[in-house]
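Written below as structure tokens is the structure these notes are about.
Note that these values count all heavy atoms, side chains included, but never hydrogens, waters or copies made by symmetry. Chain naming here is simple, since letters A, B, ... match the order of the sequence lines and numbering starts at 1 in each. On a predicted model such as this, the values are computed, not experimentally measured, just so you know.
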Amino acid sequence: MVPDKFLKPYSHTDTEKRIYSAWEESGLFNPDVCVEKGVAAPDAPSFSIVLPPPNVTGTLHTGHALGTTIEDIVVRYHRMKGDKTLWVPGTDHAAIATQSKVEKMLEKEGVKKRDLGREAFLERVNQFAQESHDTIVGQIRRMGSSIDWSREAFTLDEVRTKAVRTAFVRMYEDGLIYRGDRIVNWDSKLQTTVSDDEVDWKEEKTPFYYLKYGPFTIATARPETKFGDKYVVMHPDDARYAKYKHGDTLALEWINGPITATVIKDSVIDMEFGTGVMTITPWHDTVDFDIALRHKLDKEQIIDTFGKLLPIAGDFAGMQIKKAREAIVAKLTEKGLVEKIDENYIHRIAINSRGEGAIEPQILRQWFIDVNKPFILKHSNIPSIKSGSETTLKSIMRAGVEHKAINVLPDRFEKVYYHWIDNLRDWCISRQIWYGHRIPVWYRNQNQESGVMNQEEVYVGTEAPEGSDWVQDEDTLDTWFSSGLWTFSTLGWPYSAETATKGKPGPENDFANFHPTNLLETGYDILFFWVARMILMTGYLLGEVPFNTVYLHGLVRDEKGQKMSKSIGNSVDPLDVIDAHGADALRMALVVAVGPGNDSNLSDDKIKAYKKFANKIWNITRFVLEKTNEVPERPSLTDADITRINELNALIQEITEDLEKYRLYLASEKLYHYVWHTLADVIIEERKVILEGSDETAKVSAQWTLRTILRTSLALLHPFMPFITEDIWSDVKGSDDPMLMIMSWPRQI
RNA sequence: GGGCGCUUAGCUCAGUUGGUAGAGCAACUCUUUUACACAGAGAAGGUCAGGGGUUCGAAUCCCUUAGCGCCCACCA
């Protein structure tokens, strides 16, 4: 008998929500339930993934859809294989991104954050974050993600706060977190620092001024920063300036009158560029800052944190730098200090990638993580770093990847990763925003005058110190500090990390059972932001690698290959696609033939192709149910059927291997091809005659073969297209078989 | 300045270790009491960017040139 539903085309809308509810009600997304119900053996290998926590800044896009699809495929495969499989969900508070989103919303209402005050503002952010969270969680469900909702986490919840503070205190005590006056990227619009990785560079045509500086000519695109320039730097080997010695002083006329300049010789200077001489502005330029550090030079602030000139600028003090430039150039011209102006110079200006604000380097007192400082790593499972040996955070980041404790897919990103480590500066972790983890540092007798520290007491701890006169640091932590802990802060660290017992069920044992995680799947665009920071944090705090494999997916572009963006209006909302064509179709369209690290174009045609494929599977099932009877025992098979079964066995082996090696793009394509062009076009067509014929032996052989191939195909396809395969399964499964989701992965028949 | 990727059928892209080129869409012919027209059968379409090399054999490995794209550095 064929159920009526097969008499019309497959309808995902009727099916997907019902199936997801059934999965969720079964509780089988939870590995403990799987063990309890005998799906996974108590001593089975474990397999774990954390969901890269989406930012609570609104809704998920197709990149998230791709990520959750890949993760779910792998998770479903391992669950069917019988592993104790855990996929941990959660969301990221995304500090600066979320705060600026809410600020923009408030702006439209005419409300300023300062007027609301910290507490009321945070309430508003939390409300928004909650709404975003609810939307996101709904979207993840619609994708079919078999994720353990009972373990859901948030980077800013109580448990994660404890983890963040514990990590901070430890690093502080080891001297790896320090407070210092160093050059940072200052966003004067958002009034906060941002990390080096969050700075974007934009090209801009700007006049390039050649200015007379005593006997020298110096060149600059930013004359408004030059007031305090009293060091003139040249290469030690530059013959043109051989007569000037390091440390020589000379009197010269500058913007606001006569000054004394000091000659500095430093090999950082490019003799070929410009005149081979430059003056330095250590307070507002990274390279200059380094030169000043090397030669112990004075540093003076020229521009304040609001982008206005300070009293050092004399007549120009208080002016916005952009407006000041013209006036300054006029004065320089009047004084005869302008030698020439190149009007076609291309200059690069720094922009905050998260908020469009211009970045002005500033020397500010901030909290930093020292990536080069040697320390003793007490316990280490990281290859090449022995327990109790001296190492650095940079070495930790390199070692895991270099010695293959972490495999990166595709491996070409390893090179990119090393290069990033080599260029890494100390990580500025303090932010002057309100939303986020407040820095767990308290001060007493804080001296209001900047630069005077001698009276101040500092307390660093996971809880506020006793006594009412302690004031907590106003700043919050870079959001990546908390996401860096994600692979273990979601598994019970630091609460139950010590007591967790391997082999025992329950979240309190997660740390022992599921860390290190097996796979970290994310976009290649956050290799530095996140992946590197997780390796750093895990290495330092646990002496482990956070995961064994990193699968980096590419960008999902529109059908023309353009980057999706809200301003262009070409964004594809995964929910719209799911409504129109089904989650299974979307999943296949995202995964087939898209290897790791490669960008892909998502077209409506591609999605439709897999919607048709779903219908094809549907009709194959209809045929098999209509034309065959269940054959309980394996009959003696015809040679033709044996050949088909052998072919299926080969497919099982190939798909299994592909999944083990994370070649989802190949496995999905092969399955598509097999089901449509082998099973439907060839096997079914060939068997039609036999099923109508009178050879009973051949008929029974064909019936058993067709049903076996269908069932096996559904199982192989399940990780990729979980909804339709689960739905069909209820009509073709054996009477003792459980849901397809927990059927054991096909073995050789 | 340094690094990486891409260039395969009209379009979008696969091609895992080198063994006579594949898919989707589009276009062409035929087929509708056929499991499925969200389909089937058939035909058509490529000197795998150019050049050189290794090999019995190269889309695949090496060198080189060109075009496109990305990442990092940040030259004042």
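Of the candidates B/C75, B/G40, B/A23, the closest approach to any side-chain atom of A/K616 belongs to B/G40.
Taking atom CG of A/D270 as the reference point, atom C1' of B/C75 lies 6 Å away to the nearest angstrom. If you measure from atom OH of A/Y665 to atom P of B/C13, you get 17 Å, rounded to the nearest angstrom. Put simply, CD on A/E669 is 11 Å from P on B/U16, counting in whole angstrom units. Rounded to whole angstrom, the span from the NZ atom of A/K563 across to the P atom of B/C70 amounts to 8 Å.
Nucleotides B/C61 and B/U16 place their P atoms 9 Å apart, quoted to the nearest Å. Here the separation of B/G19 from B/U34, taken at their P atoms, is 45 Å to the nearest Å. A distance of about 16 Å separates the P atoms of B/U29 and B/A43, rounded to the whole Å. Rounded to whole Å, the P atom of B/U7 lies 15 Å from the corresponding atom of B/U17. Here the separation of B/A27 from B/U12, taken at their C1' atoms, is 16 Å to the nearest Å. Taking atom P on both nucleotides, B/G46 is separated from B/A9 by 10 Å, rounded to a whole Å. Taking atom P in both B/U47 and B/G10, one finds a spacing of 8 Å when rounded to whole Å. Here, B/U64 and B/G5 have their P atoms 14 Å apart, quoted to the whole Å.
Each of A/G595 and A/V624 lies near RNA chain B, and the nucleotide nearest A/G595 is the one positioned closer to the 5' end.
Under 3.5 Å, the side chain of A/K688 and the base of B/A35 form at least one donor-acceptor pair of N or O atoms. Taking 3.5 Å as the limit, the base of B/C4 and the side chain of A/R412 contain no donor-acceptor pair of atoms between them. Contact annotation: side chain of A/E685 to base of B/A35, donor-acceptor pair present below 3.5 Å.
Within the 6.0 Å centre-distance limit, the rings of A/F216 and A/Y241 are counted as a close aromatic pair.
Residue A/E272 places its CD atom among 12 or fewer non-hydrogen atoms of other residues, nucleotides or ligands, all under 6.0 Å distant.
Here A/K415 reaches the OP1 or OP2 of B/C4: one of its side-chain N or O atoms lies under 4.0 Å away. Neither OP1 nor OP2 of B/G15 sits under 4.0 Å from any side-chain N or O of A/H673. A close approach under 4.0 Å does not occur between any side-chain nitrogen or oxygen of A/W201 and OP1 or OP2 of B/C72. Applying the 4.0 Å criterion to OP1 and OP2 of B/A14, one finds that A/K670 has every side-chain N and O outside that range.
Between atom NZ of residue A/K611 and atom OH of residue A/Y10 there is a gap of 10.5 Å, rounded to the nearest 0.5 Å.
Ionic pairing of A/K608 and A/E559 is not present here: no N-O contact between side-chain nitrogen and carboxylate oxygen is shorter than 4.0 angstrom.
A donor-acceptor contact under 3.5 angstrom links the side chains of A/D197 and A/W420, judged on distance only.
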